[in-house]
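Read through the structure below, which is laid out as structure tokens, and then see the notes.
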Amino acid sequence: MLTKEDLIQFENEIAAIFAQGLIKAPVHLRAGREQQLIDIFQKHSIGPDDFIYGFWDSHELCLLKGVARDEVKKAIVDGRSISLCFPEHNIYCSGIVGSLIGTATGTAWALKHQGKKGRVFLFCGDMSSETGIFHEAVKYAVNFDLPAVFVVSDNGLSVMTDTRASWGSSEPWFKGTRFESKIEYFKYKNGWPHSGLGKLIKF
Ligand SMILES: Cc1ncc(C[n+]2csc(CCOP(=O)(O)OP(=O)(O)O)c2C)c(N)n1
């Protein structure tokens, strides 16, 4: 299993490459949630049969799922940071808010009804977890007891907008509800800006 330091070092290396103008596509770096993600992978013993769905900020997820470091790095340098997909590792990510939540739930349905091994883990941010599609997907997964876990990394922000202020509530909608049975939730402070390095990169 990779360590917190491995994940930090990887993001620092990508940041250095991005700073040189060598990646001609958006890059979303994350810092401050390494241990929480490692703990979730360990707690659920996430392995090869399991499916991971993520979004624009999935470097750490690919590494933790077992994609080789150089393979993840090459995909990012090639411009695929926000939509990293490694089908042979059952990991799919998209840069579109909400986009893969229905797909993840459908995969969980299929795994259950085809009697296949494996579970689905959908990783998203706090604002994504406030969308209608997230709510519907969790409701469906809980009511049909699908093999799915929805992991919410809460950095308090949607790009630069305060998520809690937007919805007029200090807590996520699912706090204290039965839907928490299929949700893993943690807070963190992102050590990087939402996207890029917070400064203009010239190509
Ligand atoms: C459909 C769509 N609308 C808007 C965007 C722009 N966008 C990218 S990330 C993001 C914020 C999402 O916030 P959250 O789910 O909390 O993610 P995190 O802060 O963890 O990156 C937005 C609005 C997008 N990618 N897709």
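Counting starts at 1 for both ligands and their atoms, following the listed order.
A side-chain donor-acceptor contact under 3.5 Å links K182 to the backbone of L146. Of the possible donor and acceptor atoms, one in the side chain of Q20 sits under 3.5 Å from a partner among the backbone N and O of A16.
Under a 4.0 angstrom heavy-atom cut-off, R30 registers as being in contact with ligand 1. Distances shorter than 4.0 angstrom do not occur between any heavy atom of T163 and any atom of ligand 1. Not a single heavy atom of C124 sits under 4.0 Å from any atom of ligand 1.
The closest protein non-hydrogen atom to atom 11 (C) of ligand 1 is S158 OG, 3.2 Å.
One option in V152, V97, N190 has a heavy atom closer to atom 5 (C) of ligand 1 than any other, and that option is V97. For atom 19 (O) of ligand 1, the nearest non-hydrogen atom from the set D57, V159, L157 belongs to L157. In this structure, of P26, G95, S94, the residue bringing a heavy atom nearest to atom 25 (N) of ligand 1 is G95. Remark: among candidates W56, F134, F123, F55, the nearest residue to atom 17 (O) of ligand 1 is W56, based on non-hydrogen atoms.
When each atom of ligand 1 is checked for a heavy atom of S128 under 4.0 Å away, the hits are 14 (P), 15 (O). The N155 neighbourhood of ligand 1 comprises atoms 18 (P), 19 (O), 20 (O), with distances under 4.0 Å to a heavy atom of that residue. Contact atoms of ligand 1 toward M127: 13 (O), 14 (P), 15 (O), 16 (O) (distance under 4.0 Å to a heavy atom of the residue). Close contacts of ligand 1 with H194, meaning ligand atoms under 4.0 Å from a residue heavy atom, involve 9 (S), 21 (O).
Below 30°, between 30° and 60°, or above 60°: for W109 and F144 the angle between ring planes is above 60°, a perpendicular geometry. Between F134 and W173, the ring-plane angle classifies as perpendicular under the 30° and 60° cut-offs. Ring orientation note: the planes of F41 and F123 are close to parallel, at an angle under 30° on the 30°/60° scale.
Summarising the local packing, NZ of K112 is surrounded by more than 12 heavy atoms from other residues, nucleotides or ligands at distances under 6.0 Å. Residue K24 qualifies as enclosed at atom NZ: its count of foreign heavy atoms under 6.0 Å is above 12.
Counting only heavy atoms, the protein gets under 4.0 Å from atom 1 (C) of ligand 1.
Tested against D154 for a salt bridge (charged side-chain N to carboxylate O under 4.0 Å, His left out), the candidates K175, R33, K187, R164 yield a single pass: R164.
When the ring-ring contact (aromatic ring centres under 6.0 Å, His included) test is applied to Y188, no partner is found at least two apart in sequence or on another chain.
Residue contacts with ligand 1: Y188 is placed with no nitrogen or oxygen under 3.5 Å of a nitrogen or oxygen of the ligand (distance criterion only).
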